[in-house]
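Written below as structure tokens is the structure these notes are about.
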Amino acid sequence: MDDDDGESDVTVEEETAPESAEVQESPPDPQGKGGDGPLGTSQESSEEFTDAKHESLFSLETNFLEEESGGTCSLNASQDPFLQHVNKELKEKEIQAVATNSKTTHQLKWPILGQLVFSSKFQKLETFKPSKDIDLKSLHLQKPLESTWTKTNSQFLSGSPKSSSPFTPLQKELFLIMNSYRDLFYPERTALKNGEEIRHVYCLHVINHVLKANAQVLGNNSRRRSQKLGVGDDDDFRDQGLTRPKVLIVVPFREAALRVVQLFISLLEGDSKKKIIVSNKKRFKGEYGSDPEERPPNLKRPEDYEAVFVGNIDDHFRIGVAILQRSIRLYAPFYSSDILIASPLGLRTIIGGEGEKKRDFDFLSSIELLIIDQADIYLMQNWEHVLHLMNHMNLLPLDSHGVDFSRVRMWSLNNWSKYYRQTLLFGALQDAQINSVFNKYCVNLQGQVAVRNVPMTGSISHVLVQLPHVFQRMEAENLASVIDDRFNFLVNKILPQYRDAVMSHTLIYVPSYFDFVRLRNYFKKEELNFTHICEYTPKSGVSRARHFFLQGEKQFLLLTERFHFYKRYTIKGIRNLIFYELPTYPHFYSEVCNMLRATSRGEEATWTCTVLYSKYDAQRLAAVVGVERAAQMLQSHKNVHLFITGER
């Protein structure tokens, strides 16, 4: 099991000798409950590795604050946002009022983030403007972050030598919101543009939070030891939640988890000569790293695809990380971890479902900081997993997991943790499902901040081919009926025009897999001449379908959005396009339209593109045609609108 990095093997014993002398008893074993906490299934237990060796070394109960670490210096300051947040006491009547209060909102414009909407369900709503200059001292960063942050972040700061700020303008505004402990929704995070910049700044916030929380516990351990108090003699020492994990970071792929852990190491180490101890580093690199030679070299994909699918793209993982002063323990059992990094699927397999015997979600009971990064990718994976996770956040644990109740904060015992949890949600889209998670599950007492900028120009402006785009509005009574209304509209109004052999080479782009199955069954029943490709189609099936479609042997090709997301193949031979629904990602609209260029044989004049939309597609429509045109199209008396692109 001992799989340390070679260089740190020696240091573990040397540096921990004085500490282990103080350990009176080994802490309660979190693995006692049928092996290690986070095991998905019984047969996994032999495979899933957790580090049991360093248990007492990283235990919060049995360690004390090292004098020289200076951990308490910033904690004494009454202005520290961390302390102000966790020490804020809610009253019973305030909690009851939340259920009936309507949200108060206030709009502000910030220089970089643009249009912000501050909102709160609690009585008073406070807003603020970003300060021009930002002084690291005023941010109450825990040691060693003041010195390590500038070095860790240096790659983004080379642009302007004039500014001495340790943050980029975007990072500064984001960190001011994070550090105020408000919930944040930022829908403009893209892998190509600012993804890494944002990852750096939320990792700084995470480490700052964990170091402060642990310093508080260790400092109180030292104070209790010196006062020789009996357990529960004093309420001053309430400094923790019901379980130890404080931070949950949800990322889509192992590569993202690798980058987060590397940032943690960099933030704790900086450029100091003294390397920090990282246990199980070698194993971690083996399981989360990737071999650059594995990627086929000749695949030509758009650059945003390359940026998203980089490195190890396995999407089933979870790992516990414990941090104690100047050392990091990877693969810590969940109940001995400070930070959990996992994919939605990795969490789903351990949370389990109703009636399953082996399930566990107590480790989510005291999460104080939830970060959901790249939220748009979960729409392409399985959004249900995200909803399942949110429904299991901050519930009272079913088991005590060896906690000392005299040290648990009152708001945690009262089951009010969700009002103290900060949620940071980053994605590339303003999407109804992501919005709904933010509005429904984020009830932080400090309030919420959502970035709401509207797209002025749509992605239709990136269509390079000469093509008439016919947008057909279908009337839908309500949100529940829109699925059936769309299906009936296509079958009764659109398809009859395409039955003719002249309209061969028709691609139907279908965002939802359920709609795809329904259409496929209908086409089979009607014995239409068609073929289909979805994310589950085997490679041979994909090649066959593409060949038949290109040769014109099949008149229709049904294509799912997920297939396009994961593969980005150029489909050749398209002459007529039907968007059954507007794409989730606006740039997919122009990408698919531009596929017509792939095989132009002089029949450009006959190309067509038809798009179905309803009033419930306002967000997606605005992203494709721009917000002003979308408003006109939704309010207009006419149901059909024509755009022509690519005219010389």
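Note that the structure is predicted; figures quoted are calculated from it, not measured.
- Expressed to the nearest 0.5 Å, how far CD of Q619 lies from CG of L582 amounts to 12.0 Å.
- Summarising the local packing, NZ of K103 is surrounded by more than 12 heavy atoms from other residues, nucleotides or ligands at distances under 6.0 Å.
- F185 and F438 have tilted rings, their planes meeting at an angle from 30° to 60° on a 0 to 90° scale.
- The salt bridge (charged side-chain N to carboxylate O under 4.0 Å, His left out) search around R562 returns E535, not counting sequence neighbours.
- Electrostatic pairing of R259 and D373 does not count as a salt bridge here, judged by no charged N lying under 4.0 Å from a carboxylate O.
- Proximity of S165 to L157: side-chain heavy atoms (C-beta onward) are nowhere separated by under 4.5 Å.
- With hydrogens and angles left out, the side-chain atoms of E197 and Q171 include no donor and acceptor closer than 3.5 Å.
- If you take CG on L557 and CG on L550, they are separated by 11.0 Å, rounding to the nearest 0.5 Å.
- You'll find the side chain of F253 reaches within 4.5 Å of the side chain of I377, heavy atoms only.
- Other residues, nucleotides and ligands contribute over 12 non-hydrogen atoms within 6.0 Å of the CD atom of Q115.
- Using modelled atom types and a 3.5 Å distance limit, the side chains of S120 and R182 yield no donor-acceptor pair.
- Within 6.0 Å of atom CD1 in I494, more than 12 heavy atoms from other residues, nucleotides or ligands are found, so the atom counts as buried in its surroundings.
- Counting heavy atoms from C-beta on, the side chains of E188 and L170 never come closer than 4.5 Å.
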(message) Apply salt bridge (charged side-chain N to carboxylate O under 4.0 Å, His left out) to residues E591 and R568 and explain how you reach the verdict.
(response) CA-CA 9 Å; E591 257 177 39; R568 295 290 179 91; 3.3 Å; yes
(request) Verify ring-ring contact (aromatic ring centres under 6.0 Å, His included) between Y181 and H205, making sure each step is shown before the conclusion. (result) CA-CA 10 Å; Y181 280 89; H205 183 52; 5.3 Å; yes
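- Annotation for E553: atom CD counts as buried by contact number, over 12 foreign heavy atoms lying within 6.0 Å.
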(request) Please lay out, stage by stage, how N391 and Y441 fare under the test side-chain hydrogen bond (donor to acceptor under 3.5 Å, both in side chains). (result) CA-CA 8 Å; N391 286 324; Y441 294 102; 2.8 Å; yes
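- Salt-bridge check for K193 with D304: failed, with every basic side-chain N at 4.0 Å or more from each acidic carboxylate O.
- In this structure, F549 and H505 have perpendicular ring planes: the angle between them is above 60°, well past the 30° mark.
- Residues H385 and L347 form no side-chain contact, since every pair of their non-hydrogen atoms from C-beta on lies 4.5 Å or further apart.
- Using a 3.5 Å distance cut-off with no hydrogens or angles, the side chains of N594 and S590 do not pair a donor with an acceptor.
- C593 places a side-chain heavy atom less than 4.5 Å from the side chain of L467.
- Applying the ring-ring contact (aromatic ring centres under 6.0 Å, His included) test to pairs two or more places apart or on separate chains, those with a residue in residues 583-620 are H469-Y589, H564-F588, F565-Y585, F579-Y589, Y585-H587, Y585-F588.
- Aromatic rings from F516 and Y580 are positioned such that their centres are separated by 6.0 Å or more.
- Side-chain contact check for E561 and T584: at least one donor-acceptor pair (N or O, by modelled atom type) lies under 3.5 Å.
- The OG1 atom of T570 lies 11.5 Å from the CG atom of L596; values are rounded to the nearest 0.5 Å.
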(request) Apply the test salt bridge (charged side-chain N to carboxylate O under 4.0 Å, His left out) to residues E475 and R473: give CA-CA distance (whole Å), side-chain angles for both, the deciding distance (0.1 Å), then the verdict. (result) CA-CA 7 Å; E475 300 308 326; R473 188 175 74 216; 3.3 Å; yes
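- Here K525 does not pair with E527 in a salt bridge; the nearest charged N to carboxylate O distance is not below 4.0 Å.
- Proximity of F426 to I371: side-chain heavy atoms (C-beta onward) are separated by under 4.5 Å at one or more points.
- Considering CD of Q374 and CZ of R199, their distance stands at 6.0 Å, rounded to 0.5 Å.
- Atom-to-atom distance recorded for R520:CZ and T560:OG1 is 10.5 Å, nearest 0.5 angstrom.
- Once rounded to the nearest 0.5 Å, the distance linking CG of N639 with OG of S614 reads 11.5 Å.
- Between Y569 and I533 there is no side-chain heavy-atom pair separated by less than 4.5 Å.
- If you run ring pair (Phe, Tyr, Trp, His ring centres under 6.0 Å) between F556 and each of F523, Y509, F530, only F523 comes through.
- Aromatic ring orientation, F167 versus W149: tilted (interplanar angle from 30° to 60°).
- Within a 6.0 Å sphere centred on CD of E477, heavy atoms belonging to other residues, nucleotides or ligands number 12 at most.
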